Amino acid sequence: MNPKFQAPRGTLDYTPPGSLALRRLQELAAEVFSRYGFLPLETPIFESTDLFTRSIGEETDIVSKEMYTFPDKKGRSLTLRPEGTASAVRAYLERGLEDTGFSRFWYFGPMFRYERPQAGRTRQFFQLGVEAFADAGPASDAEVIECFWRLCEALGLEGLQVKLNSVGCAACRGAYTAALKERLRGREGDVCEQCRTRLEKNPLRILDCKVAADQELYRDLPKLVDSLCEACAAHFAGVRGNLELLGVAYVLEPRLVRGLDYYTRTAFEITSGALGAQDAVGGGGRYDLLVEQFGGRPTPAVGFAAGVERLLMVAEKTAASLPAPYAGTAYIAALGERVGRRALELARDIRTEKLSCLLDLGPGGLGKKLKAASRLACGWALILGDAELDSGNIAVKDLASGEQKLVPLEGLVTYLKERRGHPCRTS
RNA sequence: GCGGAUGUAGCUCAGUUGGUUAGAGCACUGGAUUGUGAUUCCAGUGGUCGCGGGUUCGAGUCCCGUCAUCCGCCCCA
């Protein structure tokens with residue numbers, strides 16, 4: 001088959017059973033997030049281009065080369081969102097959430113970055129994340145990291161690592177970058193081309209340069225965490241103590257900087273060895289200046305974002321498989337014309353009791369219908385033919401075990417309800 | 001934006017130095033078994049060989065272009 005259309009480069013279709021895994025992940029995330037008081041927040045998928053350029057930073061890769069930017073019919077420059085935090089801050093201010101007492105939010109939705117696709121990277125991808133506003137204390141940093149960690153645990157993921165660092169505040173970071181420049185004065189010719197521009201525009205980023213020669217040169221530079229001002233050092237110590245209290249293991253990663261400009265103090269990532277070159281499952285940090293920068297009153301904030309595709313990739317490799325899509329579903333095999341009306345009623349009654357069923361009124365014999373039910377890995381087959389109808393019964397077959405018994409039509413729904421969650425084979 | 005690999009049936013893949021009518025397994029449809037599936041046996045459906053151009057008597061095979069996928073670099077989720 002040679003389809004006339006194909007999906008745009010770097011996009012995915014979620015088809016069963018992957019589509020089901022995506023939804024289940026969303027439900028699980030919503031459940032975990034609600035334990036921490038995070039409430040759902042939905043923002044547009046496109047925003048004014050300025051919103052991103054001014055928060056993420058003009059010099060970042062995202063803004064300088066990865067955004068889907070287009071003019072609308074009135075010539076306004078819009079951009080498909082490359083991440084979620086900027087929109088959350090914008091909505092927080094624009095809708096007056098500051099004054100409502102609601103300060104904790106979660107989101108789950110598509111993001112867009114124009115990049116070369118590879119393992120764990122597509123142009124449209126889903127992110128889920130949380131943002132916690134108006135709490136400057138180190139407990140909220142720890143709660144956010146813990147929340148991310150618990151979500152991974154709930155997914156059954158293994159082999160993950162929490163990496164932690166502090167990038168300080170405007171004051172100590174300024175002092176540190178000045179010291180960096182001082183130390184590297186005269187050595188500009190020895191570093192890679194990219195680091196030369198970094199030294200000019202965003203000196204912190206030289207720290208996570210991957211060029212071996214550069215790393216050698218940077219090895220005895222002072223660590224950012226050792227240069228924090230008193231307040232930032234105290235905050236960082238607080239975050240670490242709280243993580244230990246909560247039982248979330250982490251490793252210090254002095255070179256962890258992260259690619260967005262708005263981070264202050266805490267920066268963290270969760271990585272997995274089960275992924276390819278793109279090993280970050282997600283990351284985040286504190287952004288105490290962003291709300292004020294957007295015109296709000298000074299409001300500290302901390303959050304994280306995780307890549308849904310990457311969570312699912314790790315889940316596929318390390319977690320137990322999900323139940324088959326139709327594991328709890330009954331397959332009604334209706335045989336012959338006469339039973340059609342009764343079978344339709346039965347389907348209605350099953351669904352009224354919040355159970356699932358598929359109704360097969362089509363032609364074909366029992367063998368064919370059982371085969372269909374079996375192929376979809378349904379939990380039960382409900383066999384209704386003339387004999388059953390005349391005797392007021394229906395044959396209920398457990399497709400996993402092969403056991404079959406006659407159940408009175410009136411008692412069918414109760415019978416199924418009692419066996420809801422009956423273990424069925426998985427895909 | 002840069003580098004490498006790959007596109008043949010719904011899926012996973014064979015296909016010789018270019019040679020006549022392109023194959024297998026799985027899946028699907030039908031039958032053995034008019035009402036008992038996930039195991040067997042038999043038969044069948046399914047392909048403009050990613051797309052476009054070129055070389056040639058002849059192209060799935062060689063050349064050019066293009067689209068897409070995978071892997072890596074950069075960077076990130």
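Chain A is the first sequence line, chain B the second, and so forth, proteins listed ahead of strands; every chain is numbered from 1. On a predicted model such as this, the values are computed, not experimentally measured, just so you know.
Residue Leu335(A) is the one, among Leu335(A) and Arg123(A), whose nearest nucleotide of RNA chain B lies closer to the 5' end (criterion: closest heavy atom). The 5' end of RNA chain B is approached more closely, in terms of each residue's nearest nucleotide, by Asp386(A) than by the other of Asp386(A) and Ile62(A).
Of all nucleotides listed (C76(B), G1(B), G35(B)), G1(B) comes nearest to the side chain of Tyr114(A). Comparing G35(B), C74(B), A38(B) by their closest approach to the side chain of Ser374(A) singles out A38(B). Of the candidate nucleotides G35(B), C76(B), A38(B), C76(B) has the atom nearest to the side chain of Arg310(A). Comparing C74(B), G1(B), G37(B) by their closest approach to the side chain of Leu370(A) singles out G37(B). Of all nucleotides listed (G35(B), G37(B), C76(B)), G35(B) comes nearest to the side chain of Ile383(A). When the nucleotides G35(B), A77(B), G37(B) are ranked by their closest atom to the side chain of Lys397(A), G37(B) comes out on top.
Across all strands shown, Ala387(A) has heavy atoms under 4.0 Å from base atoms, whether or not it also approaches the sugar-phosphate. Using a 4.0 Å heavy-atom cutoff across all strands shown, Gln404(A) reaches at least one base atom of the nucleic acid. Across all strands shown, Arg258(A) has heavy atoms under 4.0 Å from sugar-phosphate atoms exclusively, and none from any base. At a threshold of 4.0 angstrom between heavy atoms, the contacts of Gln124(A) with the nucleic acid are absent. Across all strands shown, Glu115(A) has heavy atoms under 4.0 Å from base atoms, whether or not it also approaches the sugar-phosphate. No contact: Val308(A) has no heavy atom under 4.0 Å from any strand. Backbone-only engagement by Gly365(A) is indicated by non-hydrogen atom pairs under 4.0 Å involving sugar-phosphate atoms exclusively.
Checked by atom type, the side-chain pair Arg81(A)/Tyr68(A) shows no donor-acceptor distance below 3.5 Å. Side chain to side chain, Glu146(A) and Tyr36(A) meet the donor-acceptor criterion of an N or O pair below 3.5 Å. Glu131(A) and Thr85(A) share a donor-acceptor pair across their side chains, judged by distance under 3.5 Å alone. Between Arg286(A) and Ser166(A), the side chains place no donor N or O within less than 3.5 Å of an acceptor N or O (distance only, hydrogens not considered). With 3.5 Å as the limit, one finds a donor-acceptor pair spanning the side chains of Glu309(A) and Tyr14(A). Between the side chains of Asp279(A) and Ser272(A), no donor-acceptor pair is found at a separation under 3.5 Å.
The backbone N or O of Pro82(A) lies less than 3.5 Å from a partner atom in the side chain of Arg113(A), making a donor-acceptor pair. Of the possible polar contacts, none joining the Ser140(A) side chain to the Ala136(A) backbone as a donor-acceptor pair under 3.5 Å is found.
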Side-chain donor-acceptor distances from residues 327-340 of chain A under 3.5 Å, at least two apart:
| unit_1 | atom_1 | unit_2 | atom_2 | d |
| --- | --- | --- | --- | --- |
| Tyr331(A) | OH | Asp360(A) | OD2 | 2.7 |
| Arg338(A) | NH2 | Asp390(A) | OD1 | 2.5 |

Acceptor/donor pairs from residues 158-165 of chain A side chains to any protein atom, 3.5 angstrom cut, sequence neighbours excluded:
| unit_1 | atom_1 | unit_2 | atom_2 | d |
| --- | --- | --- | --- | --- |
| Asn165(A) | ND2 | Pro254(A) | O | 3.2 |
| Asn165(A) | ND2 | Leu256(A) | O | 2.8 |

Hey, can you pull the donor-acceptor pairs under 3.5 Å for the side chains in residues 115-122 of chain A, sequence neighbours left out?
| unit_1 | atom_1 | unit_2 | atom_2 | d |
| --- | --- | --- | --- | --- |
| Arg121(A) | NH2 | Gln278(A) | OE1 | 3.4 |
| Thr122(A) | OG1 | Gln124(A) | O | 2.8 |

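We find that OH of Tyr262(A) is positioned 12 Å from C1' of C76(B), with the value rounded to whole Å. Taking atom NZ of Lys369(A) as the reference point, atom C1' of U36(B) lies 13 Å away to the nearest angstrom. One atom, CZ of Arg255(A), and another, P of C76(B), lie 15 Å apart when rounded to the nearest Å. In this structure, the CE atom of Met67(A) is 16 Å from the P atom of G1(B), given to the nearest Å. In this structure, Lys65(A) places its NZ atom 11 Å from P of C2(B), rounding to the nearest Å. Distance CZ (Phe268(A)) to C1' (A77(B)): 12 Å, rounded to an integer number of Å. One atom, CD of Glu269(A), and another, P of C76(B), lie 8 Å apart when rounded to the nearest Å. The separation between Leu151(A) atom CG and A77(B) atom C1' is 14 Å, rounded to whole Å.
A gap of 8 Å separates the P atoms of A14(B) and G7(B), to the nearest Å. Between the P atoms of C63(B) and G19(B), the separation comes to 15 Å (whole Å). For the C1' atoms, the distance from U29(B) to C2(B) is 49 Å, rounded to whole Å. Here, G60(B) and G18(B) have their C1' atoms 10 Å apart, quoted to the whole Å. Here, C42(B) and A59(B) have their P atoms 38 Å apart, quoted to the whole Å. Across the P atoms, U34(B) and C51(B) are found 45 Å apart, a figure rounded to whole Å. C11(B) and C28(B) have their P atoms separated by 15 Å, with the value rounded to a whole Å. On the P atoms, U69(B) is 46 Å away from G35(B), given to the nearest whole Å.
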Report the secondary structure of RNA chain B in dot-bracket form, marking unpaired bases with a dot and bases paired to a different strand with |, and treating Watson-Crick or G-U pairs with both distances under 3.5 Å as paired. (((((((..((((.....[...)))).(((((.......))))).....(((((..]....))))))))))))....
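Salt bridge Glu27(A)/Arg24(A): absent, no basic N to carboxylate O contact under 4.0 Å. With salt bridges taken as basic N to acidic carboxylate O contacts below 4.0 Å, one links Arg35(A) and Glu31(A). The residues Glu353(A) and Lys417(A) are annotated as salt-bridged, a charged nitrogen and a carboxylate oxygen being separated by less than 4.0 angstrom.
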Show the distances under 3.5 angstrom between N or O atoms of the protein and N or O atoms of nucleotides 67-72 of chain B.
| unit_1 | atom_1 | unit_2 | atom_2 | d |
| --- | --- | --- | --- | --- |
| C67(B) | O2' | Gln6(A) | OE1 | 3.3 |
| U69(B) | OP1 | Gly10(A) | N | 2.8 |
| U69(B) | OP2 | Arg9(A) | NE | 2.8 |
| C71(B) | OP2 | Ala119(A) | N | 2.7 |
| G72(B) | OP1 | Ala277(A) | N | 3.4 |

Summarise protein proximity over nucleotides 26-31 of chain B in one line of letters, 5' to 3': B for base, S for sugar-phosphate only, - for none, counting protein heavy atoms closer than 4.0 Å. --S-S-
